[in-house]
**Q** 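Below is one structure. I have some questions about it.
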Amino acid sequence: MAWFRPASRSASSVPPCVRLCYTLARPAQRLNRQESPMTVVTRFAPSPTGYLHIGGARTALFNWLFSRHHQGRFLLRIEDTDRERSTEDAVRAIIEGLRWLGLDWDGEPVFQFARASRHADVARDLLAKGRAYHCYCTPEELAEMRERARAEGRSPKYDGRWRDRDPKEAPPGAKPVIRFKAPQSGETVVEDLVQGRVAVANAELDDMVLLRADGTPTYMLSVVVDDHDMAITHAIRGDDHLTNAFRQTQLFLACGWQPPRYAHIPLIHGADGAKLSKRHGAVALGDYAHLGLLSEAMRNYLLRLGWSHGDDEIIPTAKAIEWFNLESIGRSPARFDMEKLLSLNAHYIREAAGDVLRPPVAALIEKSLARALTTEEGIQLDRLLPALKPRARTLIELANGAAFLFRPRPLPLDAGATKQLGPDGKAALRAFAERLSTCSDWSAATLEQATRAEAEAKGLKLGAIAQPLRAALTGSSVSPPIFDVMAALGREATLGRITDVTRT
RNA sequence: GUCCCCUUCGUCUAAAGGUUAGGACACCACUCUUUCAAGGUGGAGAUACGGGUUCAAUUCCCGUAGGGGACGCCA
């Protein structure tokens, strides 16, 4: 098909009327036309029909990293052309998810449906140029067509019955759709930046619907027009769009436009190797934020799922921007591994400064306490945070680990703690309390010194005092180093908690 | 069913013709130690299978098997 080949691969071959007539979702939004053709422009184009899931988040991350690496632009386009299923809640979830992940987009988000009339214009233009046609098939007729094809072992495609038929034969009153007149011979090639050269015989593809009977554009039309109008240079998206890329390429060429470079990244699978779905547990990005993950850890994990830089595992965002490239994206699907995500999160918690961790942890504690922390309690938390960090994989674990600090006296004791506070334990504590009350310097080092001196004086192993002490101070047999606990608690709270258990 | 893609330790991956096939998570042991972690040291663990090409295949080609994706007036 001669017309199927682009006359020119440059965007300037687009007729001026086409270039000028697009409409914008927001008047303030500048489409990228006037910028240098070398500027990288990527986009994340989710449909607001549900939460932002982990796979979409990675797609967004890759697009963001690629544009930031090239000092280009990263645009957000909400593909809300499915009026039935698009919701404002989903739009909000997507935006909140991206914000949490730290992926900032340039300009205002583009709402695709707001551009519907522009899309329809392109469809009618194609119709006028003979590259699209009216199809009067009913949905029932199409379903039957597919069923028969499947039964006969053929591909369930539209058979093109209205492609060359005279519209005069149209059933009276029927509202037609506009279908693309796709090339029927030859092949369509996508030079994919991840998958390499992928080709399909045009005979395999059918004539897709561009404009629905109600005059609204379909996804296939909208992406092409928007990717063109937004001057997208690189479309990085899930592997599930690979076959769409053939159709979209055909459409681009029919419009006389240059398609963006495509990069189809493999999907993320669940631990069982199947497509990630709700039955795999948390798949919404928001779920992970609520689990107490740091977004830096999430970015690092998502990046390593399918992309690599030698043996590097710990890749902070700044490094990721510096190193990111499309060549190092793998071609095979990856399974989601919560354990590894958690271990990465533990790493970033350990590395995080106290004042980064304190606000979210304090918020978590205040929520479970149903009250605000006092100034004194805030100081106690700050003092214990360094000792808590290596013991937590999530912010929630961090908050749980600190919870004993704020429990009202007398502390409830768990089974292990009760065991430590037998007659011997209590006796050791009673004696130790006397020495402790004479301690003037309440630092961990001094307290350790005092405790060791006490053990030596009584001929006891350190544990014989430390364990009952831990039980009395934390209500548990497991805690951060006990001298850190004493120092964090402070003199008054420490002596008080000891008295609580030695009184009886 | 048709088309497209994929296949290195359990998992994520490195090695872009010549390596004792490397790292990370998880696992095991030891170590440190006041408990639990963290840390340190060590261990076990992989090129799906079958054919080619080559002096030499994880690497290139073909086939088989397995997995995934697409095939809507959804996106």
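Below, read A as the first sequence line, B as the second, and so on, with proteins coming before strands; counting in each chain starts at 1.
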**Q** Closer to the 5' end of RNA chain B via nearest nucleotide, is it A/Leu211 or A/Glu204?
**A** A/Glu204
**Q** Minimum heavy-atom separation for A/Leu52 to A/Ala93, with atom names?
**A** CB-O, 4.4 Å
**Q** Examine A/Phe252 together with A/Tyr262 and report whether their ring centres are nearer than 6.0 Å.
**A** no
**Q** Have a look at A/Cys135 and say if it touches a base, only the backbone sugar-phosphate, or nothing, with a 4.0 Å heavy-atom cut-off.
**A** nothing
**Q** Can you figure out which of B/G69, B/G1, B/C25 approaches the side chain of A/Asp240 most closely?
**A** B/G69
**Q** Give me the distance, rounded to whole Å, that separates B/A24 from B/U33 when you measure between the C1' atoms they each carry.
**A** 27 Å
**Q** When you look at A/Arg470 and A/Thr474, which way does the side chain to side chain donor-acceptor pair (under 3.5 Å) test go after all the steps?
**A** CA-CA 6 Å; A/Arg470 189 185 315 280; A/Thr474 71; over 6 Å; no
**Q** Just the rounded figure in Å: distance from P of B/C36 to CZ of A/Phe404.
**A** 16 Å
**Q** Using whole Å, what does the distance between atom P of nucleotide B/U2 and atom CZ of A/Arg150 come to?
**A** 12 Å
**Q** Using a 4.0 Å heavy-atom cut-off to protein, can you give one letter per nucleotide of nucleotides 45-50 of chain B, 5' to 3': B if the base is in contact, S if only the sugar-phosphate is, - if neither?
**A** ------
**Q** So if I take every side-chain heavy atom of A/Gln195 and compare against B/C5, B/A75, B/C73, which nucleotide ends up nearest?
**A** B/C5
**Q** Roughly how many Å is it from CZ in A/Arg197 to P in B/C6, rounded to a whole number?
**A** 14 Å
**Q** Return no unless some side-chain N or O of A/Arg146 is found under 4.0 Å from OP1 or OP2 of B/C73.
**A** yes
**Q** What's the gap between B/C61 and B/C6 when it is taken at their P atoms, as a whole Å value?
**A** 10 Å
**Q** In the structure I gave you, are the side-chain heavy atoms of A/Asn202 and A/Phe246 within less than 4.5 Å of one another anywhere?
**A** no
**Q** Under 4.0 Å between a Lys/Arg side-chain N and an Asp/Glu carboxylate O for A/Arg124 and A/Asp121?
**A** yes
**Q** Between the protein and nucleotides 12-16 of chain B, which nitrogen or oxygen pairs come in under 3.5 angstrom?
**A**
residue, atom, partner, partner atom, Å
B/C12, OP1, A/Arg335, N, 3.0
B/C12, O2', A/Arg304, O, 2.9
B/C12, O2, A/Lys340, NZ, 3.2
B/U13, OP1, A/Gly306, N, 2.6
B/U13, O3', A/Ser308, OG, 3.3
B/A14, OP1, A/Ser308, OG, 2.8

**Q** Just how far, in rounded Å, is P of B/A24 from CG of A/Leu342?
**A** 19 Å
**Q** Would you mind classifying the nucleic acid contact of A/Pro266 as base, sugar-phosphate or nothing, using non-hydrogen atoms under 4.0 angstrom?
**A** nothing
**Q** A/Asp192 has an atom CG; how far is it from atom P of B/A70, in whole Å?
**A** 16 Å
**Q** For the residue pair A/Thr243 / A/Arg247, report whether a side-chain donor-acceptor contact shorter than 3.5 Å exists.
**A** no
**Q** Given that both distances must come in under 3.5 Å, which nucleotide forms a Watson-Crick or G-U wobble pair with B/C71?
**A** B/G1
**Q** My understanding is that only one of A/Leu211, A/Leu126, A/Thr218, A/Asp207 makes a side chain to side chain contact (heavy atoms under 4.5 Å, CB included) with A/Ile178; could you say which?
**A** A/Leu211
**Q** Figure out the CZ/C1' separation between A/Arg391 and B/U35, and round it to whole Å.
**A** 9 Å
**Q** Go nucleotide by nucleotide along RNA chain B from the 5' end; which of A/Lys175 and A/Ile482 gets its closest nucleotide reached first?
**A** A/Ile482
**Q** To the nearest angstrom, how far is A/Glu448 atom CD from B/U35 atom P?
**A** 12 Å
**Q** For A/Arg179, answer base if it contacts any base atom (sugar-phosphate contacts may also be present), sugar-phosphate if it contacts only those atoms, and nothing otherwise; contact means non-hydrogen atoms under 4.0 Å.
**A** sugar-phosphate
**Q** Determine the interatomic distance between C1' on B/U47 and the same-named atom on B/U20; round to the nearest Å.
**A** 15 Å
**Q** Write down the partner of B/C55 under the Watson-Crick or G-U wobble criteria, each distance required to be under 3.5 Å.
**A** B/G18
**Q** Picking from B/C74, B/A38, B/C73, which would you name as closest to the side chain of A/Pro390?
**A** B/A38
**Q** Show the nearest heavy-atom pair for residues A/Arg237 and A/Gln248, with the distance to one decimal.
**A** NH2-OE1, 2.6 Å
**Q** Would you say the side chain of A/Asn244 and the base of B/A75 hold a donor-acceptor pair, judged only by whether the two atoms sit under 3.5 Å apart?
**A** yes
**Q** Name the pairing partner of B/A46, where a pair is Watson-Crick or G-U wobble with both distances under 3.5 Å, or state none.
**A** none
**Q** Please give the distance between the P atoms of B/U58 and B/G51 as a whole number of Å.
**A** 14 Å
**Q** Is NZ or CZ of A/Arg161 both nearer than 6.0 Å to the six-membered ring centre of A/Tyr158 and within 45° of the ring axis?
**A** no
**Q** Strictly under 6.0 Å, is that where the ring centroids of A/Tyr133 and A/Trp162 end up?
**A** no
**Q** For the C1' atoms, the ones on B/C12 and on B/A46, what distance do you get once it is rounded to whole angstrom?
**A** 13 Å
**Q** Which nucleotide, if any, forms a Watson-Crick or G-U wobble pair with B/A26, using both distances under 3.5 Å?
**A** none
**Q** Looking at every strand, decide which applies to A/Val177 at a 4.0 Å heavy-atom threshold: base, sugar-phosphate, or nothing.
**A** base
**Q** Under 4.0 Å between any heavy atoms, over every strand shown, what does A/Phe246 touch: base, sugar-phosphate, or nothing? Just pick one.
**A** nothing
**Q** Quote, to the nearest angstrom, the P distance that separates B/G23 from B/C62.
**A** 33 Å
**Q** What integer distance in Å separates A/Asp206:CG from B/A70:C1'?
**A** 12 Å
**Q** Can you tell if the side chain of A/Trp323 reaches within under 4.5 Å of the side chain of A/Leu303, non-hydrogen atoms only?
**A** no
**Q** Mind checking if A/Ser343 touches a base, just sugar-phosphate, or nothing, with heavy atoms under 4.0 Å?
**A** sugar-phosphate
**Q** Check this for me, if you would: do A/Arg115 and A/Asp229 make a salt bridge, where the nitrogen-to-carboxylate-oxygen distance has to be below 4.0 angstrom?
**A** yes
**Q** Which base, if any, makes a Watson-Crick or G-U wobble pair with B/U7, both distances under 3.5 Å?
**A** B/A65
**Q** Would you measure the distance from the C1' atom in B/C74 across to the matching atom in B/A14 and give it in whole Å?
**A** 39 Å
**Q** To the nearest 0.5 angstrom, please state how far the CD1 atom of A/Ile498 sits from the CE atom of A/Met486.
**A** 7.0 Å
**Q** Rounded to whole angstrom, note down the P distance from B/C5 over to B/G10.
**A** 27 Å
**Q** Whether the A/Asn325 and A/His309 side chains hold a donor-acceptor pair (N or O, under 3.5 Å, no angle test) is what I'd like checked.
**A** no
**Q** Please determine whether a side-chain nitrogen or oxygen atom of A/Arg247 lies at a distance below 4.0 Å from atom OP1 or OP2 of B/C71.
**A** no
**Q** Does B/A38 have a Watson-Crick or wobble mate here (both distances under 3.5 Å), and if so which one?
**A** none
**Q** Under 4.0 Å, heavy atoms only, any strand: does A/Ala464 hit a base, just the sugar-phosphate, or nothing?
**A** nothing
**Q** Among the candidates B/C73, B/G69, B/G39, find the nucleotide nearest to the side-chain atoms of A/Arg350.
**A** B/G39
**Q** Which listed nucleotide (B/U34, B/C73, B/C5) is nearest to the side chain of A/Leu242?
**A** B/C5
**Q** State which of B/C73, B/A37, B/C25 makes the closest approach to the side chain of A/Thr218.
**A** B/C73
**Q** Is any side-chain N or O of A/Arg331 under 3.5 Å from a base N or O of B/C6, one able to act as donor and the other as acceptor?
**A** no
**Q** Distance check: side-chain N/O of A/Thr81 vs OP1/OP2 of B/A75, anything under 4.0 Å?
**A** yes
